[in-house]
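The block underneath contains the structure these notes are about, expressed in structure tokens.
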2 protein chains.
Amino acid sequence: MDGREKRRRPTIADVAARAGVSVKTVSRVINNEPGVRPELADGVLAAIGELGFRRNPMASSLRSGRSTSTIGLIIEDLANPFYATVAAAVAGVARTHDTHLITVSSGEDPELERRQFAELCQRRVDGLIIVPAGSDHAYTRAEVEMGMRMVFLDRPPSGILADIVVIDNAAGARAGIVDLLEAGHRRIGVIVDSPAIYTARERLAGVREALAGAGVPYDDSLVRVGVADPEEAARAVAAMLDGGDPPTAFFAGNNRITVGAIRELCRRGDGAALTGFDDFELSSLMPRPLTIIGYDVQELGRAAAVRLFERIGGDTSWPAETVVPTRLLRRGLGQ
Amino acid sequence: MDGREKRRRPTIADVAARAGVSVKTVSRVINNEPGVRPELADGVLAAIGELGFRRNPMASSLRSGRSTSTIGLIIEDLANPFYATVAAAVAGVARTHDTHLITVSSGEDPELERRQFAELCQRRVDGLIIVPAGSDHAYTRAEVEMGMRMVFLDRPPSGILADIVVIDNAAGARAGIVDLLEAGHRRIGVIVDSPAIYTARERLAGVREALAGAGVPYDDSLVRVGVADPEEAARAVAAMLDGGDPPTAFFAGNNRITVGAIRELCRRGDGAALTGFDDFELSSLMPRPLTIIGYDVQELGRAAAVRLFERIGGDTSWPAETVVPTRLLRRGLGQ
DNA sequence: TCCCCTCTTGACAACGTTGTCTTCCATTGA
DNA sequence: TCAATGGAAGACAACGTTGTCAAGAGGGGA
């Protein structure tokens with residue numbers, strides 16, 4: 001039993017020979033085309049069962065030029081729970097369309113993203129969902145002209161007009177700041193990721209809008225941008241708390257920053273309020289109260305996939321933007 | 001710009017016409033086959049660039065009968081961080097082999113797992129990595145005979161001999177219990193998942209071995225099996241603590257159980273020691289000390305993928321078992 | 001009875017690529 | 001000068017399937 005004797009896979013010709021019909025008749029049975037006498041069809045089905053025949057989808061889609069029953073998803077890192085949830089949701093929708101999902105990670109590298117894009121197009125996937133890492137996506141145009149369908153997720157592309165599904169970043173940040181203002185906070189430390197990132201830009205814009213709306217001045221010493229990891233976030237929190245007139249509340253622009261802030265606040269036993277964008281696993285078990293600006297990540301993936309399959313199904317309407325709402329969640333222990 | 005004008009994709013025939021050579025010459029250039037004069041090859045490459053030609057991999061693998069440059073991964077749920085990490089690791093290895101990964105979720109449904117398996121075989125993937133949900137995998141034999149390569153991950157299959165990559169469950173559990181015993185605990189509450197699950201069985205066996213080795217009697221009132229979610233785990237902890245002669249330590253058979261146990265212990269402010277199998281995100285931020293029996297999840301996926309590509313590469317040695325070691329980690333705040 | 005129409009069924013080509021075999025040309029040695 | 005040799009290039013078939021079209025059987029109406 002070393003599996004080396006490799007029986008050849010049966011083809012429709014084998015089935016046809018066994019059932020005593022032509023290959024075309026077998027093809028008709030396989031594809032449920034009308035115009036085959038039931039008794040013949042039964043014979044074909046029996047032969048299929050006996051031989052263990054399965055249609056070769058490559059030959060099929062080569063000849064018919066139709067669907068490959070595959071879509072692609074280009075994300076940054078599948079090991080990141082956010083993207084994993086998106087991928088699971090997309091795969092779920094794909095399954096209802098008898099379609100498989102190929103997921104590739106670009107690791108935020110625009111050049112790799114381009115290569116992955118090209119590879120997936122070469123494979124003739126029926127469509128692509130892309131979380132854009134690079135800043136210019138004009139290179140996708142040639143493929144769009146050749147019929148490739150694309151939906152962008154979480155961030156808008158530039159250089160190309162296409163469907164897009166995003167979170168309501170600005171509104172979420174506004175709501176988070178308004179919530180802090182209503183609790184009486186006037187000095188709010190704001191820590192966000194690099195403004196090169198769309199979501200960080202939008203969220204910071206929401207923060208400024210909310211502050212301006214309440215007549216609270218925007219104090220540069222209370223804003224840190226370009227914070228990329230929990231350690232840096234912790235240092236930023238520490239620096240603000242150690243400064244003169246420290247903030248009584250913090251706004252964290254994403255969950256990595258939130259985690260870093262929690263760590264530093266717990267270390268110090270500081271009671272400052274904390275509101276952070278993006279929920280994360282076990283946020284409700286964090287050892288202090290916090291407010292999360294959350295949203296349905298699954299819904300994000302699902303909406304993108306649904307849109308993509310509408311396109312694949314022939315929808316040629318003008319590209320649309322789908323916005324997934326956010327909501328405030330009280331998390332952490334002692335809340 | 002509604003993308004309806006769908007330019008036909010160029011084929012090697014188009015390239016050949018443009019370069020003034022035969023299709024076979026183009027094929028030779030594409031595949032780096034020898035025997036093409038450099039000046040002709042340059043002309044072909046120029047034509048490829050001008051037309052934006054890309055080889056159709058379906059036609060290619062249909063004709064040559066070789067690799068589809070695709071492997072499949074069958075897991076329970078991609079949204080689960082454990083499986084997401086495995087998938088990312090497998091995709092990483094696949095990438096070094098210029099291969100794409102199709103990931104499908106079976107949701108622990110053996111029937112769905114069978115269907116997913118059949119679908120992926122139908123696609124002629126080069127190989128499959130399977131986290132088996134069902135209890136009988138004899139149905140995979142027909143495909144193995146036709147040359148399908150498979151590696152099983154995390155749990156062994158039954159009814160088929162194949163490569164397998166698993167965690168050292170029993171040794172990990174033994175080490176966890178020995179650690180508690182050395183800290184002086186003699187009454188250890190043990191909470192594990194259903195013994196229908198291989199990992200739960202193995203871990204429980206490790207627990208018994210460690211207890212027996214230390215001469216500590218196995219007390220049925222301190223063992224709960226078949227615990228499936230954090231809520232049930234919390235109730236199990238509560239019941240044991242409320243009984244007579246409550247345990248001074250708990251062993252949790254997986255991270256869902258660990259989380260439920262933490263929740264209940266924190267709610268009560270109970271100081272019992274806690275050791276749990278499987279690490280999880282932010283375990284170091286849990287509001288109490290705990291010990292984790294951890295392992296390298298990436299390594300699990302990587303090892304399986306490496307084995308699979310060895311098989312795809314032609315390795316026909318006897319199926320082997322790869323065991324990934326565990327290690328004890330001190331986690332939680334206040335450690 | 002004959003013609004037309006419908007319904008089954010099959011023969012054949014085509015999808016885009018690659019394996020096999022042949023052809024052609026230049027070069028070499030006698 | 002001519003046969004032998006070897007390398008480059010192309011003609012053709014084949015992979016497994018499906019679209020197109022034609023052939024044949026059977027039925028109904030004139």
Side-chain angles (χ1 to χ4, degrees), chain A residues 6-45 47-48 51-70 121-126 146-147, chain B residues 6-45 47-48 51-70 121-126 146-147:
Chain A
K6 279 194 203 168
R7 228 165 50 206
R8 197 177 58 84
R9 263 176 221 280
T11 72
I12 55 174
D14 300 322
V15 174
R18 174 135 193 162
V21 299
S22 74
V23 292
K24 182 64 211 191
T25 298
V26 176
S27 172
R28 277 193 258 261
V29 173
I30 295 169
N31 297 293
N32 288 316
E33 285 174 36
V36 179
R37 261 184 312 148
E39 59 265 38
L40 260 197
D42 287 346
V44 170
L45 290 172
I48 287 174
L51 296 174
F53 166 81
R54 281 197 228 288
R55 165 168 70 197
N56 183 329
M58 300 161 104
S60 175
S61 75
L62 170 61
R63 170 64 240 235
S64 66
R66 281 189 318 235
S67 161
T68 56
S69 296
T70 318
C121 290
Q122 176 167 341
R123 258 181 199 266
R124 314 290 202 263
V125 293
D126 298 336
M146 289 192 285
Chain B
K6 279 194 205 170
R7 227 164 51 206
R8 198 175 58 84
R9 262 175 221 282
T11 72
I12 55 175
D14 300 321
V15 175
R18 175 135 191 162
V21 299
S22 74
V23 293
K24 182 64 213 192
T25 299
V26 176
S27 173
R28 277 194 257 263
V29 173
I30 295 170
N31 296 292
N32 288 316
E33 286 173 35
V36 179
R37 263 184 311 150
E39 58 266 35
L40 260 198
D42 288 346
V44 170
L45 290 172
I48 287 174
L51 295 175
F53 165 82
R54 282 196 227 289
R55 167 168 69 196
N56 184 328
M58 298 160 107
S60 176
S61 72
L62 171 61
R63 170 64 241 235
S64 66
R66 283 188 316 232
S67 162
T68 56
S69 295
T70 317
C121 290
Q122 176 166 343
R123 261 183 195 263
R124 316 289 203 262
V125 293
D126 297 337
M146 289 193 285

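Residue numbers start from 1 in every chain, and the chains themselves are labelled A, B, ... in the order their sequence lines are given, proteins ahead of strands.
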What one should report as the nearest heavy-atom pair of R28(B) and P34(B) is CD-O, 4.1 Å
How many Å lie between [atom1] on [X] and [atom2] on [N], as a whole number?
{"X": "R123(B)", "N": "dG16(D)", "atom1": "CZ", "atom2": "C1'", "result": "16 Å"}
{"X": "R54(B)", "N": "dT17(C)", "atom1": "CZ", "atom2": "C1'", "result": "17 Å"}
{"X": "M58(B)", "N": "dT18(C)", "atom1": "CE", "atom2": "C1'", "result": "17 Å"}
{"X": "L40(B)", "N": "dG7(D)", "atom1": "CG", "atom2": "P", "result": "17 Å"}
{"X": "R9(A)", "N": "dC15(D)", "atom1": "CZ", "atom2": "C1'", "result": "14 Å"}
{"X": "R55(A)", "N": "dC15(C)", "atom1": "CZ", "atom2": "P", "result": "20 Å"}

If you define the side chain from C-beta out and look only at heavy atoms, does anything of N56(B) sit under 4.5 Å from T11(B)?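 No, their side chains stay 4.5 Å or more apart.
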TODO: Would you mind reporting whether I48(A) and V44(A) have side-chain heavy atoms less than 4.5 Å apart?
DONE: yes
Which of I30(B), V26(B), I12(B) passes side chain to side chain contact (heavy atoms under 4.5 Å, CB included) with R55(B)? Answer is I30(B)
Using a cut-off of 4.0 Å on non-hydrogen atoms, how would the nucleic acid contact of [X] be classed: base, sugar-phosphate, or nothing?
{"X": "G35(B)", "result": "sugar-phosphate"}
{"X": "S27(A)", "result": "base"}
{"X": "I30(A)", "result": "nothing"}

Give the nucleotide from the list dT9(C), dT18(C), dA9(D) with an atom nearest to the side chain of I12(B).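 Given the options dT9(C), dT18(C), dA9(D), the side chain of I12(B) is closest to dT18(C).
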>> With a 4.0 Å cutoff (strictly under), does any side-chain N or O of N56(A) reach OP1 or OP2 of dC15(D)?
In response: no
- Query: Quick one: is S22(B) getting a side-chain N or O under 4.0 Å of the dA9(D) phosphate, OP1 or OP2?
  - Reply: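 Result: no.
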inquiry  = Please evaluate residues L51(A) and R18(A) with respect to the criterion side chain to side chain contact (heavy atoms under 4.5 Å, CB included), reporting the C-alpha separation (whole Å), side-chain torsions for both, the decisive distance (0.1 Å), and the verdict.
reply    = CA-CA 9 Å; L51(A) 296 174; R18(A) 174 135 193 162; 3.7 Å; yes
Salt bridge (Lys or Arg N to Asp or Glu O under 4.0 Å) against R54(B), all qualifying residues, sequence neighbours excluded =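 E143(A).
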Applying salt bridge (Lys or Arg N to Asp or Glu O under 4.0 Å) to D126(A) and not counting sequence neighbours gives none
Closest to the 5' end of DNA chain D, once V26(A) and G20(B) are matched to their nearest nucleotides, is G20(B)
Once base and sugar-phosphate atoms are separated, protein heavy atoms under 4.0 Å mark nucleotides 19-25 of chain D, 5' to 3', with B, S and - as BB-----
